[in-house]
Amino acid sequence: MAKLKSYKEIPIGGMIEKAGNSEDFKTGDWKTFRPVWNKEKCTNCMICPVLCPEDCIPVEKGEKPVRKETDFDYCKGCGICAKVCPVKCIEMKEEAGFNE
Amino acid sequence: MSKIMPFTGAQAVANAMRQINPDVVAVFPITPQTEIMMQFAKFHADGDVDTELVRVESEHSAMSCCVGASAAGARAITATASAGLALMWEILGVASGSRLPIVMPVVNRALSSPINIHCDHSDAMGCRDHGWIQIFNENAQEAYESVFLAVKLAEHPDVLLPAMVCLDGFITSHGVQNMELFEDKEMKDFVGEYQPKKWLLNTDDPVTVGPLELQDYFFETQKQRADAMMKAKEIYLSVGRELSKITGKEYPYFEGYQLDDAEAVIIVMNSTAGNTKAVIDKMRSEGKKVGLLKPRLFRPFPYEEIAKALSGKRYAAILDRAESYGANAPLYGEIKNALYEVQEKPKLKSYIYGLGGRNIFEAEIENVFETLLSGDFDPMEVGHIGLRGESQ
Amino acid sequence: MKDIFEIRIHGRGGQGAKTASQFIAEAALGKGKFIQSFPEYGPERAGAPMKAFARISDKPIHSYAPVVNPDVVMVIDPTLLETVNVADGLSEDGVLIVNTPKDTQWAQEKTGFKGKCMAVDATKIAFEAVGKNLPNTPMIGALIKATNCITLDAITESIKKKFLKKLGEEKTQATIDAVKKAHDEVK
């Protein structure tokens with residue numbers, strides 16, 4: 001968490017002067033379940049990156065796109081990726097076990 | 001060259017708006033403000049202004065429209081009175097909280113209930129703690145000039161707060177008086193173009209206006225608003241000095257009339273200050289040391305300056321055209337506050353007068369002065385001028 | 001002599017008392033005077049008794065209070081003599097001008113006013129001149145005859161300024177003629 005600023009340091013009227021700053025807001029610490037991805041079983045079908053509501057499953061572009069590991073800074077643990085995976089290569093596990 | 005015109009207060013204010021030629025004006029009728037917008041709409045129809053005139057469906061919408069326009073980077077003006085101001089209340093706070101320099105003439109009228117269309121100050125007093133600059137005006141001339149002052153003060157980069165220009169309903173808004181109308185170009189040049197540093201329609205530097213702030217930042221943002229209001233106090237004087245160069249008038253925090261050597265002072269705002277001057281002229285000719293202190297800037301309130309002006313005076317009566325139910329009347333409360341640190345305080349008396357347009361006559365004001373000069377009054381008891389059932 | 005010349009006009013909503021007070025003030029302003037003109041609004045409905053005021057002065061006018069000690073009272077609607085004390089606050093040096101087909105004696109009896117009283121049939125003059133019941137402007141003609149507080153020339157100018165564009169030359173001239181007629185006929 002960034003250090004909170006004093007009233008002398010912030011823009012007036014609550015104005016947000018930088019666009020696209022939602023990136024700075026890490027939403028990943030909300031999750032109680034974490035998607036654990038089995039890279040070996042994954043077929044790179046590209047269903048989970050498209051359906052992820054947080055858009056936090058990175059994809060390496062190329063002739064054949066490749067799925068990368070979920071960005072846990074933003075993943076809220078909704079479990080949609082696990083639900084839609086046709087080969088069942090994503091398993092939701094309790095976050096508590098990961099000790100991040 | 002300026003011209004002397006037979007103008008009502010409403011015509012005076014509408015002409016100020018014509019000369020300013022704002023980018024956006026939101027219009028909604030309410031007695032006795034309607035005359036301002038009727039006149040301005042005529043200027044608009046005649047092509048005297050190229051303002052975007054937005055006909056909204058309520059005052060809540062009128063202020064919302066101004067908030068959107070101002071945030072987008074436009075100079076926005078609307079005008080209202082009484083219930084209209086009350087309906088705006090929520091958005092008034094959005095305007096000042098978002099630091100948008102909207103200017104709004106307020107034609108002071110009583111608040112319901114019972115319903116009443118006539119003058120008192122309960123509308124403006126109801127939002128005195130809402131982060132708006134409030135300038136009160138004795139007559140059409142003052143109201144006219146204050147609109148320009150308000151625009152420049154509100155838009156000052158160190159202020160960026162909305163401003164109300166208050167004038168008495170019917171008495172000032174509908175009464176015809178001599179009004180000195182200054183030249184269009186001079187007045188237009190005085191206000192210049194509104195140049196915000198950040199605005200919503202600037203796609204090269206996109207910003208967000210009006211976000212959510214919770215326990216983490218809300219308090220800091222309010223402190224900034226309070227500081228800006230205090231800053232507005234000194235900038236009011238510097239903008240006033242600039243305006244003086246065109247008008248030749250002065251724009252002090254308050255006007256003193258025969259105040260310096262006065263023993264008994266009446267403190268009152270807007271048109272009744274005029275009536276009081278007429279009484280002072282008469283009583284001075286009889287050798288009585290009476291004077292007037294007429295606050296013009298009510299928010300921010302000039303505590304130190306008023307304390308200094310009243311220090312050493314013997315008696316002062318504060319005339320409020322609004323009640324504060326269960327508390328000191330608004331202006332009286334401020335004056336009493338201002339005097340806390342003063343060693344030689346005058347003995348004070350609070351009077352309520354003129355609610356719902358009840359006339360106040362010169363004889364009644366003279367009576368107040370005589371009561372003060374006698375020294376024989378209870379400072380804890382509130383007087384009511386012109387109220388049936390109270391011995392005058 | 002008072003510094004400020006004060007006029008009170010009694011009429012009913014819609015009869016043009018406010019307009020008359022404005023004409024008087026504007027005509028005086030044209031001659032470099034300080035002026036005021038304002039109505040006392042009641043419930044804002046046609047036909048309700050109302051008052052309008054005008055002040056003329058060589059010095060700035062401070063007070064915005066209604067006129068209580070007028071120098072002149074003008075009564076546009078004679079039926080008001082039955083219900084309103086039109087001479088209230090009018091000193092015996094003052095003038096009372098009533099729009100009535102009757103004479104000054106009748107007006108004096110009705111009001112009990114002991115000072116100078118004048119009567120003019122402004123309604124009839126207005127009907128003959130402009131075909132409408134608009135006695136307010138002819139009443140100004142009577143005022144000029146009674147007091148010289150403004151001049152016929154000044155009021156002519158004011159009427160032209162206000163009506164020429166709106167009503168055209170013929171009707172504007174008829175209005176001016178009505179003012180002059182009332183000026184000549186008032187007794």
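Chain naming here is simple, since letters A, B, ... match the order of the sequence lines and numbering starts at 1 in each.
- In this structure, chain B has a heavy atom under 4.5 Å from the side chain of C/P39, while its backbone stays farther away.
- C/E40 meets the side chain to side chain contact (heavy atoms under 4.5 Å, CB included) test with B/N359, C/K51, C/F53, C/P66; sequence neighbours excluded.
- Atom CG of B/D260 has 12 or fewer heavy atoms from other residues, nucleotides or ligands within 6.0 Å.
- Interface remark: B/I360 contributes backbone atoms only to the contact with chain C (heavy atom separation under 4.5 Å).
- B/K249 NZ: more than 12 foreign heavy atoms inside a 6.0 Å radius.
- Residue B/D168: no heavy atom, backbone or side chain, is found under 4.5 Å from chain C.
- Between the side chain of B/N178 and the backbone N or O of C/L29, no donor-acceptor pair lies under 3.5 Å.
- When heavy atoms are compared at a cutoff of 4.5 Å, C/Q22 approaches chain B solely by way of its side chain, counted from C-beta outward.
- Within the 4.5 angstrom heavy-atom criterion, atoms from both the backbone and the side chain of C/I35 approach chain B.
- A donor-acceptor distance shorter than 3.5 angstrom exists from the side chain of B/N275 to the backbone of C/Y64, with no hydrogens or angles considered.
- Residue B/Y257 touches chain C through its side chain alone, counting heavy-atom pairs closer than 4.5 Å.
- C/E169 CD: 12 or fewer foreign heavy atoms inside a 6.0 Å radius.
- Between C/V68 and B/F361 the shortest side-chain heavy-atom distance falls below 4.5 Å.
- Of all the listed residues (B/M5, B/E362, B/E138), the one sharing the greatest number of non-hydrogen pairs under 4.5 Å with chain C is B/E138.
- Of all non-hydrogen atoms in C/H62 and B/D281, the two that sit nearest each other are CD2-OD2, 3.8 Å.
- The environment of CD in B/E250 is sparse: at most 12 heavy-atom neighbours from other residues, nucleotides or ligands sit within 6.0 Å.
- Atoms OG and CD, on C/S37 and B/Q177 in that order, are 10.0 Å from each other to the nearest 0.5 Å.
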